[in-house]
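First up is the structure itself, then whatever we jot down about it.
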Amino acid sequence: MHYTPITPFRRTVTAALMEHQEPTEGDLGLEAVDKWHVFRELTTGRAAFGLSHRDLAVLQALLSFHPTRDLDPGAGDLIVFPSNKSICGRLNGMPCSTMRRHLAKLVDSGLITRRDSPNGKRYRRRYGPIQASYGFDLTPLVVRGAEITKAAKQAQAEGERIKYLREQISLMRRDLTALVDHCRKAKTQKMDLAAVENLIDQVSRTLRRKLTVDKLEAIHSELEVILSETRAARSPVETTEMSTSDVHSEQHIQSSDINRSEKESERIDDQVVVFEDARGKPVTRKSDRTTDERSSVPMALLLSSCREIAAFAENGIRSMNDLVRAAERSVPMMGISGDAWMQAKSVMGAGEASVVIAAMLERFEEIKSPGAYLRSLCIRAGNGEFSCVPMVKALARRRAA
């Protein structure tokens with residue numbers, strides 16, 4: 001016979017408020033939960049509910065008014081009815097207006113509900129065998145227990161992912177600093193070391209802020225590229241001096257590859273392209289590349305280092321036009337947006353951008369966020385700090401190893 005009110009006293013009724021206020025028949029069949037365990041998990045996953053630490057402080061005060069540790073709907077109602085003065089007293093003197101604001105946030109989030117009396121007062125009264133309670137109902141904490149637990153696990157997993165990425169970025173930054181010092185001592189001229197040092201300083205400043213997983217993954221991908229290019233820029237003379245006799249031979253082979261690449265570059269300048277057919281035999285054809293599709297990487301070196309891109313060419317790759325068309329087909333498969341691809345072609349040129357796509361496709365499994373990776377390369381290319389040549393040569397050395 002007892003009626004449970006669903007509308008607040010002298011307050012505006014909204015659809016969201018009615019959804020949280022509406023009692024359900026299954027509330028009495030719920031299992032009891034430890035109120036402090038639920039509170040700890042809610043503290044961990046508070047971002048999913050849009051709660052602040054002060055909102056949780058008010059909820060903690062309300063929970064302290066419940067006489068038992070367990071919230072058990074089957075043992076009776078879960079309504080607490082403290083006065084505003086009593087709540088503020090347990091909040092170390094928080095102003096009443098501030099407390100009411102955080103209380104309203106808890107109600108709007110659906111973690112507690114109002115059960116207001118006819119005059120808006122909070123109390124519990126017996127009418128013979130019948131008991132009527134008016135105040136704040138804690139039942140939603142039991143009903144939404146599984147949701148709160150899931151949010152806590154997701155927040156914990158995201159926190160661990162952020163911690164891991166920060167550790168990896170710190171290690172990569174340390175290695176990059178050491179490689180820059182190594183290249184400077186070797187007096188290498190293959191890359192702008194000052195630009196790399198500026199990037200290291202920028203990453204150091206960025207890590208002082210609170211970053212999301214997406215932002216950290218973008219930084220991680222960018223550092224991967226810089227590390228690869230910086231390793232490729234090391235002095236070959238010093239590498240030879242540190243090598244054994246077997247590695248001397250390997251170094252000689254790499255030097256021959258570089259010389260051969262230079263010859264191939266000269267042949268491409270004469271509009272001659274050398275590539276391999278399906279049986280691996282060298283074939284020579286005239287190049288029909290256009291000005292917008294030119295690339296600083298010899299076609300023969302590109303096709304021998306980046307072989308995955310050939311799978312996206314209908315009739316093989318015989319020119320830069322064929323390479324650009326193959327890159328166009330591979331971009332959606334790699335999860336790169338059309339905007340990122342258009343930006344790459346605009347900044348780098350269609351030919352250079354297609355070479356970058358071919359190099360990314362070759363090590364696709366190692367790149368966590370291809371779209372963010374490509375955008376970071378565009379930023380560096382726009383500042384004149386990026387060339388696709390070291391990327392391709394690094395892949396050539398990896399394949400020759």
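From a predicted model like this one, the values you see are computed outputs, not experimental measurements.
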Next item on the list: Using the side-chain contact (heavy atoms from CB on, under 4.5 Å) rule, take C378 and F386 through it: C-alpha gap first, then chi angles, then the decisive distance, then the call.
Entry: CA-CA 8 Å; C378 289; F386 171 74; over 6 Å; no
Checklist line | Trace of the side-chain contact (heavy atoms from CB on, under 4.5 Å) decision for M299 with I317 | finding: CA-CA 9 Å; M299 181 64 74; I317 299 177; 4.2 Å; yes
Next item on the list: For the pair E308 and R399, evaluate salt bridge (Lys or Arg N to Asp or Glu O under 4.0 Å) and give the outcome as yes or no after the intermediate values.
Entry: CA-CA 13 Å; E308 296 294 331; R399 190 171 289 277; 5.8 Å; no
Notebook entry, point to check: Given L138 and L111, is the side-chain contact (heavy atoms from CB on, under 4.5 Å) satisfied, shown in steps?
Noted result: CA-CA 7 Å; L138 304 177; L111 294 172; over 6 Å; no
Item checked: Pair S64-R90, side chain to side chain donor-acceptor pair (under 3.5 Å): steps then yes or no -> CA-CA 9 Å; S64 69; R90 296 198 181 184; 2.9 Å; yes
Note to self: Applying side-chain contact (heavy atoms from CB on, under 4.5 Å) to L51 and L42, what does each step give before you reach the verdict?
What the structure shows: CA-CA 9 Å; L51 300 178; L42 185 59; 4.3 Å; yes
Margin query: Walk me through whether E147 and K150 qualify under salt bridge (Lys or Arg N to Asp or Glu O under 4.0 Å).
Written below: CA-CA 5 Å; E147 180 183 354; K150 181 180 179 181; over 6 Å; no
Note to self: Does E314 form a salt bridge (Lys or Arg N to Asp or Glu O under 4.0 Å) with R329? I'd like the steps, not just the answer.
What the structure shows: CA-CA 10 Å; E314 293 181 349; R329 295 188 187 96; 3.2 Å; yes
Next item on the list: List the steps, then state whether side chain to side chain donor-acceptor pair (under 3.5 Å) holds for D70 with T68.
Entry: CA-CA 6 Å; D70 291 337; T68 62; over 6 Å; no
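Side-chain contact between R40 and T44 is absent, with no heavy atoms from C-beta onward closer than 4.5 Å. No side-chain heavy atom of I162 sits less than 4.5 Å from a side-chain heavy atom of L211. Looking at heavy atoms from C-beta onward, L103 lies in side-chain contact with L62 at the 4.5 angstrom threshold. Looking at D34 and F39, their side chains never come closer than 4.5 Å, going by heavy atoms from C-beta outward. A heavy-atom distance below 4.5 Å is not found between the side chains of L141 and V33. Considering only heavy atoms from C-beta on, L323 comes within 4.5 Å of V355 through its side chain. By the 4.5 Å heavy-atom criterion applied to side chains, M334 and S330 are counted as neighbours. Using a 4.5 Å cut-off on side-chain heavy atoms (C-beta onward), L207 and L216 make contact.
Atom CD1 of residue I200 and atom CD of residue E197 lie 6.5 Å apart, to the nearest 0.5 angstrom. For the atom pair I148 CD1 and R46 CZ, the distance stands at 14.5 Å (nearest 0.5 Å). Note that CG of D108 and CZ of F49 are 14.5 Å apart. Values are rounded to the nearest 0.5 Å. Note that CD1 of I226 is 12.0 Å distant from CZ of R231, once rounded to the nearest 0.5 Å. The CG atom of D77 sits 10.0 Å away from atom CZ of R115, with the distance rounded to the nearest 0.5 Å. Between the CZ atom in F136 and the CG atom in L78 there is a gap of 15.0 Å [rounded to 0.5 Å].
Surrounding CE of M333 are more than 12 heavy atoms belonging to other residues, nucleotides or ligands, all under 6.0 Å away. For H66, the NE2 atom sits in a packed shell: over 12 heavy atoms of surrounding residues, nucleotides or ligands are nearer than 6.0 Å. Counting non-hydrogen atoms of other residues, nucleotides and ligands closer than 6.0 Å to NZ of K105 gives a total above 12.
With respect to R325 and D322, a salt bridge is recorded, a charged nitrogen being found less than 4.0 Å from a carboxylate O. Salt bridge status for E229 with R380: present, with a side-chain N to carboxylate O gap under 4.0 Å. Ionic pairing of K153 and E41 is not present here: no N-O contact between side-chain nitrogen and carboxylate oxygen is shorter than 4.0 angstrom. The pair K345-E352 does not meet the salt-bridge criterion, since no charged nitrogen lies less than 4.0 angstrom from a carboxylate oxygen. Salt bridge status for E217 with R161: present, with a side-chain N to carboxylate O gap under 4.0 Å.
For the residue pair N119/S117, the side-chain donor-acceptor check at 3.5 Å is satisfied. Of the N and O atoms on the side chains of R122 and N84, at least one donor lies less than 3.5 Å from an acceptor on the other residue. Between the side chains of W36 and Q60, no donor-acceptor pair of N or O atoms lies under 3.5 Å. When only modelled atom types and interatomic distance are considered, S52 and D55 share a side-chain donor-acceptor pair under 3.5 Å. Judged by distance alone, the side chains of D339 and S337 never bring a donor and an acceptor atom under 3.5 Å apart.
The backbone N or O of L377 lies less than 3.5 Å from no partner atom in the side chain of E222, so there is not a single donor-acceptor pair. Within the 3.5 Å criterion, the main-chain N or O of S83 finds no donor-acceptor partner in the side chain of K121. In terms of modelled atom types and a separation under 3.5 Å, the side chain of N383 and the main chain of I379 share a donor-acceptor contact. Formation of a donor-acceptor pair under 3.5 Å by the S228 side chain with backbone atoms of E224 is not found in this model. In this structure, T177 contributes its side chain and R173 its backbone to a donor-acceptor pair below 3.5 Å.
Across every non-hydrogen atom of A151 and A48, the tightest pair is CB-CB, 3.9 Å. A358 and C306 make their closest contact through O-CB, 3.8 Å (heavy atoms, listed as atom of the first residue, atom of the second, distance). The shortest non-hydrogen separation linking A396 to S305 is CB-OG, 3.2 Å. Taking both residues in full, the closest heavy atoms of M348 and A381 are given as CG-CB, 4.0 Å, listed atom of the first, atom of the second, then distance. Across F312 and L361, no two heavy atoms sit closer than the pair CE1-CD2, 3.5 Å. Across every non-hydrogen atom of L63 and K35, the tightest pair is O-NZ, 2.8 Å.
For an aromatic pair to be called close, the ring centres must be under 6.0 Å apart, and Y123 with Y134 satisfies this.
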